[in-house]
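Numbering starts at 1 and runs along the sequence shown. First listed ligand is number 1; within each ligand, the first listed atom is number 1.
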Amino acid sequence: MAQENLEAVLNDLHCKYKSLQDGAVAKYIPELAKVNPELFSICVVTVDGEVYQVGDDKQLFTIQSISKVFAYGLALEDHGRDYVLTRVGVEPTGDAFNAIILDEQSNRPLNPMVNAGAIATTSLIKGNGATERLNRMLNMFRGYIGHDVFVDISVFTSERSTGHRNRAMAHLMLNFGMIDRNIEESLDLYFQQCAVMVNCQDLAVMAATLANKGINPVTKERAVNSSYIKDILSVMYTCGMYNFAGEWAYKIGIPAKSGVCGGIIAIVPNQMGIGVFSPRLDARGNSVRGVKVCEELSQQLGLHLFECSRNNFKSGDLCN
Ligand code: GLU
């Protein structure tokens, strides 16, 4: 596909869906309810570092659950696969992202993409005290994004003062010995990681870094050990889209993660990362326009991983 064709595809999708007003912005974190629901941006970054974007691409928003993917990578680097598996499972769940459920046999949270699993994952992030752990987390995001990132203090404090379900999950996991650090410190770190500010292009660069074996295709900096890419992408594929993950895998067919901010990242391994931002969510918590855009991109570009006639869509092709 020629470069101008991909630009045209993104422009067409933006035009087609910008009038779609289904869904509602997340309100359970009071600060999130203030977002402009009309915001809409789409960005694709190839593994060669080429950037294609349309819409409100410089608009900042908090990363929310998309952060879980990257925190999982850091926990794997800190402790290795075998240990992390003793604390967080890899089973998909048909329950909501904030369900207060642990595996009955192992007492582990089901997977790192739901809140309980993400809190357990964040509790594994190493560091000597809250500041060092936060700095390691921010530094990890900097590697994936390519510039310094900041925590939105209003969103962080808003969630910290209202996140009673998350606090309940942390206490349940403490009861079963699944979390053995200071839980208030780990909850703070979890709320901070969710409140890291990004724009749509940042999402696509982060996604492209995962598509590019862990190397940021723009800065050429390694963000995560390549041996953990398969772990990260596997849980994204099976668990990344809340209780829509199965249908997403069936219809769209690429690893992805969404967040209640209205962002979605999707990864086409060895080819590209996709970022979409539009804050109105469906009943499961996925961006309504974001799901539509990814569905059409997957169909039009033949991105489904199990598509027999799948194109090996490289940015070299974009220029032909
Ligand atoms: N910070 C949010 C929470 O813990 C993240 C939820 C999400 O994006 O799915 O509820």
Steps toward side-chain hydrogen bond (donor to acceptor under 3.5 Å, both in side chains) verdict (S67, Q193)
CA-CA 6 Å; S67 65; Q193 85 179 43; 3.1 Å; yes
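- Scored by the side chain to side chain contact (heavy atoms under 4.5 Å, CB included) test, C200 finds S41, C43, F277 as partners (sequence neighbours excluded).
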N/O to N/O under 3.5 Å, ligand 1 against protein:
{"residue": "ligand 1", "atom": "1 (N)", "partner": "Q64", "partner atom": "OE1", "Å": "2.7"}
{"residue": "ligand 1", "atom": "1 (N)", "partner": "E159", "partner atom": "OE1", "Å": "2.8"}
{"residue": "ligand 1", "atom": "1 (N)", "partner": "E159", "partner atom": "OE2", "Å": "2.7"}
{"residue": "ligand 1", "atom": "4 (O)", "partner": "N115", "partner atom": "ND2", "Å": "3.2"}
{"residue": "ligand 1", "atom": "4 (O)", "partner": "E159", "partner atom": "OE2", "Å": "3.0"}
{"residue": "ligand 1", "atom": "4 (O)", "partner": "N166", "partner atom": "ND2", "Å": "2.9"}
{"residue": "ligand 1", "atom": "4 (O)", "partner": "Y190", "partner atom": "OH", "Å": "2.7"}
{"residue": "ligand 1", "atom": "8 (O)", "partner": "S65", "partner atom": "N", "Å": "3.0"}
{"residue": "ligand 1", "atom": "8 (O)", "partner": "S65", "partner atom": "OG", "Å": "2.9"}
{"residue": "ligand 1", "atom": "8 (O)", "partner": "Y242", "partner atom": "OH", "Å": "3.3"}
{"residue": "ligand 1", "atom": "8 (O)", "partner": "V260", "partner atom": "N", "Å": "2.8"}
{"residue": "ligand 1", "atom": "9 (O)", "partner": "S65", "partner atom": "OG", "Å": "2.5"}
{"residue": "ligand 1", "atom": "9 (O)", "partner": "Y242", "partner atom": "OH", "Å": "2.4"}
{"residue": "ligand 1", "atom": "10 (O)", "partner": "Y28", "partner atom": "OH", "Å": "2.6"}
{"residue": "ligand 1", "atom": "10 (O)", "partner": "N115", "partner atom": "ND2", "Å": "3.2"}

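- Using modelled atom types and a 3.5 Å distance limit, the side chains of D48 and T46 yield no donor-acceptor pair.
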Could you list the donor-acceptor pairs under 3.5 angstrom formed by side chains in residues 140-151, with sequence neighbours left out?
{"residue": "R142", "atom": "NE", "partner": "N139", "partner atom": "OD1", "Å": "3.2"}
{"residue": "R142", "atom": "NH2", "partner": "N139", "partner atom": "OD1", "Å": "3.4"}
{"residue": "R142", "atom": "NH2", "partner": "E221", "partner atom": "OE2", "Å": "3.3"}
{"residue": "H147", "atom": "NE2", "partner": "D202", "partner atom": "OD1", "Å": "2.9"}

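- Using a cutoff of 4.0 Å between basic side-chain nitrogens and carboxylate oxygens, K126 and E132 are not scored as salt-bridged.
- Sorted by first and then second residue, the ring pair (Phe, Tyr, Trp, His ring centres under 6.0 Å) pairs involving residues 83-107 (not counting sequence neighbours) are H79-Y83, F97-Y242.
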